Amino acid sequence: MVDLNFIPIDYDYFDFNGTPFAKIIGRSDTGKRICLIDTIVPYFWAILKPGVKDKKIKAIQKRIQDIQIHSEKRITKVLKTELHEKKFLEKPVKAIKIFITNLKDIHDVRAEIDYPEIDKTREYDLNFITKYIIERKVKPLFWYKVNATMLDNQEFGGIAQSLNVDMVLKVETIDTLEKYPKFVPKVLAFDIEASDLDPGKGETWMISLYGKNYEKVFTFKGKSKKHKYVQNYEDEEEMLEAFIKAVDDYDPDILTGYFSDGFDLPFLRERAKRNKIKLALGIDGSQPTFSRGAQRTGKIKGRVHIDLLRFIRNAYSQYLQTETLSLNEVSNELLGEKKVNFDAFAATKAKTIDWEKFYEYNLQDSILTYKLFMKAWPDISEITKIIQEPLFNSSRTTMASAFENLVIHSADKFNEIIEKRPHEREIAERRSQPRYVGAFVFQPVPGLYENIAFFDFSSMYGSVIVSYNLSRGTHQDRKHKSSFIGEYKEKPTYFSKEKGMIPQLMEIIIDKRRLAKAEYNKDPNPISKARSNAFKLIANAAYGYQGFFGARYYCIEAASSTAYFARENIKKAIDTFEKNGFKVVYSDTDSIATVLGKKSEKDALNLLDKINKKLPGIMALDYEGLFTRGIWVTKRTGDFGAKKKYALIDKKGKIKIRGFETVRRDWCRLARDTQNKILNLILTTGDDKQALEYLKTIIKKLKDRKIPIKDLIIKTQLKKPISEYKSQGPHVTIAKRMKEKGLPTDIGMLIEYYIAEPENFKNKKRALVRDKARLPDEPGKYDLDYYLNNQIIPSIENIMAVFKINTKELADGKKQKNLFDF
DNA sequence: ATATACACGGATCCCCTATTTCC
DNA sequence: GGAAATAGGGGATCCGTGTA
């Protein structure tokens with residue numbers, strides 16, 4: 001017997017003698033690597049129709065117990081059945097819990113249960129690991145007190161021998177540990193350099209590894225006099241073997257890369273295959289396995305392979321300022337560090353190669369990946385703990401599926417049987433639904449305003465879901481004595497006032513978020529910040545989740561009503577501000593901007609208190625702060641105020657720009673920087689004088705052809721295969737040309753181009769922008785007219801119009817003068 | 001395949017009419 | 001003079017990218 005404290009990191013399962021077992025890899029509190037073997041009996045539910053007599057139920061149970069499935073490899077039996085009082089979609093039900101020997105035949109067993117008294121079957125679509133975590137409550141990244149027996153070398157077909165761990169144990173008892181040590185995973189970051197992106201055409205030239213007190217570059221190319229971390233080998237095969245051994249020796253819990261699901265890992269796997277060796281990275285000596293489908297994932301047994309890009313894309317990207325999620329840009333923003341300035345792609349094609357620089361470059365990528373991982377770890381870890389799915393999944397999860405997993409892992413607390421995933425037909429039906437009305441956006445009056453107080457509802461949609469009890473389970477098909485009355489398709493729709501599972505869960509999350517935020521404000525530390533972040537991310541996903549066609553708990557009436565109640569409440573608040581002498585200048589979804597005018601900040605806060613007292617449930621309006629100036633402009637197509645476009649400056653001079661071209665990556669640097677500068681000048685000075693002078697210098701510079709091409713490059717993302725475009729925009733045309741040149745044109749790539757003057761003026765065909773678009777390295781004179789009329793003027797015009805300045809005339813006037821000069 | 005709606009604005013597409021070109 | 005080609009206006013649509 002062994003007693004130890006244990007933390008689960010990775011989960012796997014295997015069949016032995018027709019029974020499934022969970023294999024849980026983790027660490028003991030003394031840092032030993034442990035594998036626990038444990039099991040549960042798989043089960044699913046048969047929900048009975050209301051009013052079935054006990055005697056009848058007994059008879060059904062007996063019949064179910066006799067079910068046997070004979071397949072080629074095994075016989076699956078029903079082990080036992082139990083009758084339970086459960087809830088399904090909030091309604092009390094009687095349900096038979098059906099235990100079976102093997103999960104693989106669950107669908108066949110289910111098919112046998114077609115008695116008229118059975119309403120439906122459920123929880124047959126949860127995988128073994130999820131079920132195991134729910135049943136045994138052995139959650140990832142929580143500590144447990146384990147009592148277990150050591151396996152000898154023969155048990156379970158010799159599993160103890162095949163695994164590279166310190167101990168393999170069979171669980172006797174496992175209990176949560178109240179006070180637990182801090183867990184820091186052993187992490188190794190890796191990155192490869194290849195002579196071609198296609199493993200069929202190129203080789204792996206080098207592989208770098210970086211961990212705590214550990215740095216290595218494995219290569220068979222070049223020589224290093226400078227760097228001790230470079231290790232040379234004879235050929236690719238030898239290098240790969242050394243890399244595999246190094247990973248095995250270091251024995252990390254987590255192997256992380258950047259885009260390693262999509263490139264590094266599959267590339268290595270293919271190169272290993274071509275070298276006729278095994279890429280034995282798993283703790284059992286197994287090779288990585290890849291999921292099929294569009295989003296490929298690479299799994300390594302016993303070590304968690306985390307593609308950091310996936311996590312950053314799903315969880316962080318909306319909070320990042322970067323224009324792409326490239327390692328360089330993300331590192332620069334989050335770490336203030338960059339990649340080594342070296343063109344690896346060019347190097348693979350060059351005759352002479354600066355190998356020392358190449359090694360540095362390769363290692364730096366692993367260093368950045370490692371540092372980014374460490375920065376993201378508190379968030380990854382908190383999200384994992386909240387949704388209770390293995391790290392491999394939680395690090396790749398989208399927020400909607402994170403929310404669903406939270407529901408799945410919490411259902412038992414509510415005595416709820418879990419709803420099934422929708423069938424394809426259901427999904428198609430849901431997708432065909434018309435859109436419901438969303439947020440309210442206030443039509444601003446263009447102008448420059450002073451002393452603007454900003455307010456926003458905290459967790460607007462989340463708090464609406466809680467306050468009005470909006471969910472699938474609480475949705476009613478008709479009005480009851482007391483119902484919340486929402487709206488869908490312009491008709492009332494009803495929700496019970498008896499608290500439902502999802503609203504209750506949301507309430508807990510919002511409360512936990514509030515606590516984590518308060519804790520962070522009191523004592524700023526990465527853990528409380530990550531907790532606050534994680535709860536915020538998941539809470540924000542709940543509203544979208546209920547309106548998402550793929551959701552188990554899809555409820556478009558709830559989603560529509562959430563938007564409806566949000567609109568009602570914000571409109572009411574706007575009204576109250578107006579009635580109390582505060583002019584509202586803007587509002588979008590959950591925020592309200594008012595000008596103080598003759599009122600003081602204190603007056604506004606007093607009114608806020610009053611508003612808050614009248615808000616339903618947990619809804620709350622917060623004070624965001626005071627802005628000294630703000631500008632709203634006219635829509636370009638029309639003479640009224642543009643929504644979702646404004647700029648503010650606070651007392652400290654900090655500027656907040658929303659929606660303007662400045663923040664849009666599909667405008668050229670010149671237009672963005674010019675607009676940014678002009679907004680800055682206007683907001684700081686409160687007038688247009690300096691801004692106008694600045695604008696004139698830029699226009700002159702442009703006309704004098706002093707602007708470098710790099711400031712004129714327009715970047716547009718390729719969102720689908722070139723052939724699928726109905727409209728041949730400039731970026732599509734450029735992408736085609738790139739393809740002809742043999743350059744990569746993958747979906748998701750940013751296509752870069754600039755607009756040049758056409759060489760052949762005789763071509764009278766109406767000049768399309770795409771015909772003038774050129775690749776950045778294609779020579780040409782930039783098209784002055786285009787950059788003036790399609791970039792600078794459009795981005796400035798409406799700002800200057802606030803001061804009654806006609807930018808177009810300004811620019812044209814100059815142009816005429818130039819023509820005369822000419 | 002993988003949360004929602006609202007919104008802006010460039011560029012193309014496409015239809016229509018006016019003008020130019022050609023025989 | 002009449003048919004065909006071309007230019008240009010303008011709305012619809014496509015497309016990408018923001019805000020919340």
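In this text, all values refer to a predicted model and were calculated from it rather than measured experimentally. Every chain is numbered from 1 and lettered A, B, ... according to where its sequence line falls, protein lines coming before strand lines.
- As a whole-Å value, the separation of A/Trp632 CH2 from B/dC8 P is 15 Å.
- Under the salt bridge (charged side-chain N to carboxylate O under 4.0 Å, His left out) criterion, A/Asp666 pairs with A/Arg664, not counting sequence neighbours.
- For A/Tyr543, the side-chain atoms get nearest to B/dT4 when compared with the rest of B/dT4, B/dG10, B/dT12.
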Fill in the blank from the handout: Per-nucleotide protein contact along nucleotides 15-20 of chain C, 5' to 3', at a 4.0 Å heavy-atom cut-off (B base, S sugar-phosphate only, - neither), is SBBBBS
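- Within 4.0 Å of A/Ser401, counting heavy atoms only, lies no atom of the nucleic acid at all.
- Under the ring pair (Phe, Tyr, Trp, His ring centres under 6.0 Å) criterion, A/Phe263 pairs with A/Phe267, sequence neighbours left out.
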Practice task
Run the numbers on A/Leu626 and A/Phe454 for side-chain contact (heavy atoms from CB on, under 4.5 Å), then give the verdict.
Solution key: CA-CA 6 Å; A/Leu626 188 69; A/Phe454 247 85; over 6 Å; no
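- A/Asp622 pairs by the salt bridge (charged side-chain N to carboxylate O under 4.0 Å, His left out) definition with nothing, not counting sequence neighbours.
- Atoms CG (A/Leu768) and P (B/dG10) sit 16 Å apart, rounded to a whole Å.
- Checked against the 6.0 Å centroid criterion, the rings of A/Tyr554 and A/Phe548 do not qualify as a close aromatic pair.
- The phosphate of B/dA11 (OP1 or OP2) has a side-chain N or O of A/Asn790 nearer than 4.0 angstrom.
- Side-chain atoms of A/Phe548 lie closest to B/dT4 of the nucleotides B/dT4, B/dG9, B/dC13.
- Residues from residues 418-438 of chain A that place a heavy atom under 4.0 Å from any atom of DNA chain B, listed by number: A/Arg435, A/Tyr436, A/Val437, A/Gly438.
- Each side-chain hydrogen bond (donor to acceptor under 3.5 Å, both in side chains) pair with one or both residues in residues 792-802 of chain A, not counting sequence neighbours, appears once here: A/Arg636-A/Glu797.
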